[in-house]
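Okay, so here's the structure we're looking at.
Positions are given from 1, in the same order as the sequence printed here.
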Amino acid sequence: MGFNNIGWKYYLVIICWSAAFIPVIYFFFPETARLTLEEIAKNFGEEVAVHLTDATDEEKAQVERDIAARLDTSEPINSARDAESTGTTSGLPVQETQCEATKGN
């Protein structure tokens, strides 16, 4: 009966309630955009095992040099096309087998 009397004005209550929570959300809810999962976990109080973002510029440069050095010294991996042309896969010869049904033909 009360809703029939208030009519469309009840929507003003919802609008005011929503408007009152906009500053609460803005000031008290943590921002998670453009953060890694580890950083989000840290913001919510979890212990984080990986701290790559805490590294200094020198440490980051050293990690990049180590990765580049590993990539330069590693042997190239044979692709499927190379394996077909040479008849090998990972340096091992490919054995050709015939099934029992096609041996007699």
* Structure fact -> One should read off an interatomic distance between Gln62 CD and Ile67 CD1, to the nearest 0.5 angstrom, of 10.5 Å
* **Closest non-hydrogen atom pair, Glu39 against Arg34** => OE1-O, 4.5 Å
* To do: Look up atom NZ in Lys42 and atom CD in Glu47, then write down how far apart they are to the nearest 0.5 Å.
  => 11.5 Å
Side-chain donor-acceptor distances from residues 11-32 under 3.5 Å, at least two apart:
{"residue": "Ser18", "atom": "OG", "partner": "Ile14", "partner atom": "O", "Å": "3.0"}
{"residue": "Glu31", "atom": "OE2", "partner": "Ala33", "partner atom": "N", "Å": "3.1"}

* Who pairs with Asp57 by side-chain hydrogen bond (donor to acceptor under 3.5 Å, both in side chains), at least two apart in sequence or on another chain? -> none
